[in-house]
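A short worksheet on the structure shown next.
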Number of protein chains: 2
Amino acid sequence: MPDTLTGRRRSLLHETRCQTCSLSSLCLPLALEVQDMDQFDAIIRRRAPLKKGETLFRQDSPFTSVFAVRSGSLKQVTTEGSGEDQLTNFYLPSELVGLDGIDEARYPGTVVALETTTVCEIPFDRLDSLSESLPELRTQLYRSMSKELRDDRRMMRLLSRKTADQRLASFFAGLSDRFRRRGYSPYSFRLSMSRADIGNYLGLAVETVSRILGRFQSQGLVAVSGREVHILDLEALTQVAEEEGAK
Amino acid sequence: MPDTLTGRRRSLLHETRCQTCSLSSLCLPLALEVQDMDQFDAIIRRRAPLKKGETLFRQDSPFTSVFAVRSGSLKQVTTEGSGEDQLTNFYLPSELVGLDGIDEARYPGTVVALETTTVCEIPFDRLDSLSESLPELRTQLYRSMSKELRDDRRMMRLLSRKTADQRLASFFAGLSDRFRRRGYSPYSFRLSMSRADIGNYLGLAVETVSRILGRFQSQGLVAVSGREVHILDLEALTQVAEEEGAK
DNA sequence: CGTCAGATTGACAGTGCTCAAGTCCAGTGG
DNA sequence: CCACTGGACTTGAGCACTGTCAATCTGACG
């Protein structure tokens, strides 16, 4: 694939410049000035889209880059010792994947595309040096990591104090919110993950997920058909998620 | 408390300089050269020791600093909505407290001393600027946050896939390891937290904690007397923690 | 020595897991 | 176009783990 590609490559690059990216207000360069954004843009490597089921990187492979999701979605799965897999995160557009690999210089989980997915690869060493001269970028990086820490704490609370009903209600309310922030409908979306994925993530058996979804449906909270979801009563759902008298 | 204090203050400062701190090889400035460490040292604010039960900062108060634990231990507790409190972390010497407050510019939980505890206060804005000129410091900060992310993921796995026995075994094995890394005996230590704290942290009822500790004791894994812990068979304990066939 | 929080122990019940069928759906090949 | 097939999903029945409630015990401290 020689030079002929360069032209196409460039136009692809153009299409995917941060400045023209619809996610720029949510993504890492969010606070950068135009000229700084160009610098940032320059270190990014575009990638061919991942197809459903393809892996972005594998657990324990050397950490080189973080990735920003442009479109689609991914899951992170960690296999530890003899135990079962644990699905530790779903990633949606504008979110940063791989930050937990910095410390040990290897990725602590395998990340797999749940649907056709495009990502921007950001080599970490270059991001780090660039963050030296661009304080806003550095701040944003600290903030991204800090936010992930906060989200993790919320997840721990969910896993240790919430009933199955509350977990699922939280999950759907959370998804709804994440879609809304990205400009999609908060009431109507398609799940890219299977029931098994949801169960694994929330610490529930698949059967429990299925049953409770059925109950939510009969209670008029949501309408679910396969992976198509319509949230009918977001307020009630949020209320279930935060209900007093857990467990 | 006028000038007479200055002398004492200075000597206190001297005692607590990073260069003479026994934790320097575990703490934030771990990778710094001597002269850089002085710079780092200069931004640190020493604090009067916290007594047991005193709070370092409260949930939702403005984020200004991160704190490095010098001695003692703390717990972080998050109260959310109508729900019960969730204990999200225990902090031991050399660990960094408050990193999850960067993003929203307020602390997401209240941090309370479990015993007499001394901390180094590191104003974040100054840490951030210093991290511009000291790449090693920046790297270490990224790494600290990344490590916390990894630990959180491990915690999620614990909460969603492990039985009560496995949780407690993991908890004790983890504590043992953290003590060992800090140069204390991995086999013999004193818990600074109550059973209720442990239960809250692990997502278990106090009664369950108590029962399982009793069982571990009769199985010869540990000897527990109040908060005094002796680990008798660390290998077996680790094995319980990672047992196949969860739940 | 009394007090009170923290810890232990016991009885019981509920949530959610396991095991087991059965149904639905998308993709495949005739 | 349609039957086929395998995976994903749903539904049902039983039971185990662990939470709840309640009573008792222990130990630190005044």
Side-chain angles (χ1 to χ4, degrees), chain A residues 51-53 75 83-84 86-87 112 114-116 158-171 190-219 222-229 240 243-247, chain B residues 51-53 75 83-87 112 114-116 158-171 190-218 222-229 240 243-247:
Chain A
K51 284 192 287 248
K52 180 174 174 175
K75 64 176 175 182
E84 243 173 294
Q86 168 71 26
L87 203 167
V112 178
L114 293 169
E115 58 195 312
T116 302
L158 179 146
L159 291 172
S160 83
R161 308 229 87 75
K162 293 193 177 182
T163 63
D165 288 53
Q166 295 176 306
R167 292 182 199 193
L168 269 163
S170 297
F171 180 69
R190 180 163 216 290
L191 299 174
S192 58
M193 66 291 283
S194 68
R195 302 286 193 271
D197 287 338
I198 297 175
N200 189 322
Y201 180 60
L202 296 177
L204 299 172
V206 198
E207 295 91 329
T208 306
V209 174
S210 205
R211 269 186 260 274
I212 291 173
L213 247 41
R215 183 152 11 107
F216 282 177
Q217 182 139 288
S218 69
Q219 290 169 343
V222 297
V224 186
S225 167
R227 298 194 172 180
E228 216 59 52
V229 176
V240 171
E243 240 159 22
E244 190 67 61
K247 268 203 172 157
Chain B
K51 284 191 286 245
K52 180 176 174 172
K75 64 177 175 183
E84 242 173 293
D85 289 354
Q86 167 71 27
L87 204 166
V112 178
L114 293 169
E115 59 195 312
T116 302
L158 179 146
L159 291 172
S160 82
R161 308 229 87 74
K162 293 192 177 184
T163 64
D165 287 54
Q166 293 177 306
R167 293 183 198 192
L168 269 163
S170 299
F171 181 69
R190 180 162 217 291
L191 299 174
S192 58
M193 65 291 282
S194 68
R195 301 286 192 269
D197 286 338
I198 297 175
N200 189 323
Y201 180 59
L202 297 178
L204 298 172
V206 198
E207 295 90 333
T208 306
V209 174
S210 208
R211 267 187 261 275
I212 291 173
L213 247 43
R215 184 153 11 107
F216 281 177
Q217 182 138 282
S218 68
V222 297
V224 186
S225 167
R227 298 196 174 181
E228 216 60 51
V229 176
V240 171
E243 241 159 22
E244 190 66 62
K247 265 198 175 162

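Side-chain atoms are counted along with the backbone in the values below, which use heavy atoms only and exclude waters and symmetry mates. Order of the sequence lines sets the chain letters (A, B, ...), proteins ahead of strands, with each chain counted from 1.
Within the 3.5 Å criterion, the main-chain N or O of A:K162 finds a donor-acceptor partner in the side chain of A:R167. Remark: side-chain polar atoms of A:R195 are paired, donor with acceptor, to backbone N or O of A:G226 under 3.5 angstrom. Remark: side-chain polar atoms of B:R190 are not paired, donor with acceptor, to backbone N or O of B:R227 under 3.5 angstrom. For B:S170 (side chain) and B:Q166 (main-chain N/O), a donor-acceptor pair under 3.5 Å exists by modelled atom type. A:S225 places no side-chain N or O within donor-acceptor distance of the main-chain N or O of A:E228, the cut-off being under 3.5 Å.
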Between N or O atoms, less than 3.5 Å apart, protein on one side and nucleotides 23-30 of chain D on the other: list the pairs.
none

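We find that CG of B:N200 is positioned 12 Å from P of D:dG19, with the value rounded to whole Å. Counting to the nearest Å, the P atom of D:dT11 and the CD atom of A:E207 are 12 Å from each other. Rounded to whole angstrom, the span from the CG atom of A:D197 across to the P atom of D:dC9 amounts to 8 Å. Taking atom CZ of B:R211 as the reference point, atom P of D:dC17 lies 13 Å away to the nearest angstrom. Spacing between atom CG of B:L114 and atom P of C:dG6 amounts to 13 Å, rounded to whole angstrom units. Computed from coordinates, the A:R215 CZ to D:dG12 C1' distance equals 14 Å when rounded to whole Å. One atom, CG of B:D165, and another, P of D:dA16, lie 16 Å apart when rounded to the nearest Å. Taking atom NZ of residue B:K162 and atom P of nucleotide C:dC17, one finds them 18 Å apart after rounding to whole Å.
Backbone-only contact: B:L204 has heavy atoms under 4.0 Å from sugar-phosphate atoms and none from a base. Within 4.0 Å of A:S210, counting heavy atoms only, lies at least one base atom of the nucleic acid.
The listed nucleotides are C:dT8, D:dA13, D:dG19; the one nearest the side chain of B:R195 is C:dT8. Taking every side-chain heavy atom of A:T163 into account, C:dG16 is the closest of D:dA22, D:dG19, C:dG16.
Nearest heavy-atom pair across B:G199 and B:V209 is CA-CG2, 3.6 Å.
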